[in-house]
*Asks:* 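This structure is in structure tokens; I'll ask about it shortly.
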Amino acid sequence: TALPISWNDPDMLIVGTQTFHGGSGINVSEARAHFSLWSVLKSPLLISADVTKMEPQFLEILKNEEVLAVNQDNLGMQAKKIRGPNADLSLLPCQSGNEFQLWTINSSGAILNRKANECLSISDCSTRAGATAIMFDCFPSGNACNYKNQLWDYDSSTRQLIADISSMCLNWDFEQVNCSSSRTMWIYKVRPEKK
């Protein structure tokens with residue numbers, strides 16, 4: 001963890017180098033990712049390439065003021081993930097009128113959060129046990145599994161949410177929760193046999 005006077009040092013930047021360890025240099029997309037990662041980690045931004053001979057697209061990456069501002073902010077602390085897959089869902093005390101806690105199951109079987117206007121979705125159209133459930137745009141164009149990853153059944157006798165794509169149930173994976181955080185990880189697991 002980087003803090004003032006204690007910086008991460010993953011090595012010099014290779015943005016704009018023609019070769020790297022005897023191979024070819026990195027492409028523009030790799031250079032953007034590389035520079036951004038070094039910046040959020042608060043690493044020293046030591047350029048290993050000759051900037052007088054650098055191609056313009058690589059020089060622009062190194063001159064990106066927004067990315068440099070992240071690296072050079074006054075706090076001097078590295079970034080940390082605060083939101084990502086699985087971080088959209090959390091358990092909080094019920095609050096009357098909290099629109100983020102209002103859910104609708106439409107006639108197709110999609111579970112829609114009324115405030116965020118997003119649907120409960122199985123990530124990557126997965127059918128395996130342990131796949132993640134996330135909030136995502138409802139019925140996006142080009143959905144790889146014809147939106148089956150966003151369709152759910154509610155079994156009122158067992159009170160379980162069942163994913164249409166795999167007939168598995170939404171499950172709160174309590175063992176993986178960081179108790180100091182309100183954020184939780186949701187997974188769905190094999191649905192019990194009905195008797």
*Asks:* For the CG atom of Leu151 and the CG atom of Leu120, what is their distance to the nearest 0.5 Å?
*Replies:* 11.0 Å

*Asks:* Using 0.5 Å steps for rounding, measure from the CG atom of Asn149 to the SG atom of Cys125.
*Replies:* 4.0 Å

*Asks:* So Leu62 and Met54, do their side chains get closer than 4.5 Å, heavy atoms only?
*Replies:* yes

*Asks:* So do Leu13 and Leu46 actually touch side chain to side chain, heavy atoms under 4.5 Å?
*Replies:* no

*Asks:* Please check this pair: side chain of Ser126 against backbone of Ser123, looking for a donor-acceptor N/O pair closer than 3.5 Å.
*Replies:* no

*Asks:* With a 4.5 Å limit on heavy-atom distance, are the side chains of Val67 and Phe35 in contact?
*Replies:* yes

*Asks:* Mind listing the closest non-hydrogen atom pair of Ile165 and Thr127 along with its distance?
*Replies:* O-CG2, 3.6 Å

*Asks:* Take atom CG in Asp124; do more than 12 heavy atoms of anything else shown fall under 6.0 Å from it?
*Replies:* no

*Asks:* Taking all non-hydrogen atoms of both residues into account, name the closest pair between Asp164 and Lys148 and its distance.
*Replies:* CB-O, 4.3 Å

*Asks:* Mind listing the closest non-hydrogen atom pair of Gly76 and Trp7 along with its distance?
*Replies:* O-CZ3, 3.1 Å

*Asks:* First locate atom CG of Asp9, then atom CH2 of Trp38, and finally report the distance between them rounded to the nearest 0.5 Å.
*Replies:* 9.5 Å

*Asks:* Would you check if Glu60 and Lys63 make a side-chain contact, meaning some heavy-atom pair closer than 4.5 Å?
*Replies:* yes

*Asks:* Could you see if Ile122 belongs to whatever hydrophobic cluster contains Trp103? Use Ile, Leu, Val, Met, Phe, Trp, Tyr and a side-chain cutoff under 4.5 Å.
*Replies:* yes

*Asks:* If we only count heavy atoms from C-beta on, is the Ile47 to Val15 side-chain gap below 4.5 Å?
*Replies:* no

*Asks:* What verdict does the side-chain contact (heavy atoms from CB on, under 4.5 Å) test give for Phe58 and Val28, after you've listed the backbone C-alpha separation in whole Å, the side-chain angles of each residue and the deciding distance to 0.1 Å?
*Replies:* CA-CA 7 Å; Phe58 291 107; Val28 173; 3.9 Å; yes

*Asks:* Shortest non-hydrogen contact from Gln72 to Leu45?
*Replies:* NE2-CD1, 4.5 Å

*Asks:* Once you round to the nearest 0.5 Å, how far does CD of Glu55 lie from CD1 of Ile61?
*Replies:* 10.5 Å

*Asks:* What's the spacing between Cys119 SG and Phe136 CZ if we round to 0.5 Å?
*Replies:* 11.0 Å

*Asks:* Among the clusters formed by ILVMFWY side chains lying less than 4.5 Å apart, do Ile111 and Met135 turn up in the same one?
*Replies:* yes

*Asks:* Are Leu37 and Ile26 connected in a single hydrophobic cluster, I mean Ile/Leu/Val/Met/Phe/Trp/Tyr linked by side-chain heavy atoms less than 4.5 Å apart?
*Replies:* no

*Asks:* Distance check, rounded to the nearest 0.5 Å: Gln150 atom CD versus Asn106 atom CG?
*Replies:* 9.5 Å

*Asks:* Can you see which heavy atom on Glu118 is nearest to which on Cys138, and at what distance?
*Replies:* C-SG, 3.4 Å

*Asks:* On a heavy-atom basis, which atom in Arg128 and which in Met168 lie closest, and how many Å separate them?
*Replies:* C-CE, 3.8 Å

*Asks:* State plainly whether one hydrophobic cluster holds both Leu170 and Ile105, where clusters connect Ile, Leu, Val, Met, Phe, Trp and Tyr through side-chain heavy atoms under 4.5 angstrom apart.
*Replies:* yes

*Asks:* Phe139, Ile134: one ILVMFWY side-chain cluster at the under-4.5 Å cut-off?
*Replies:* no

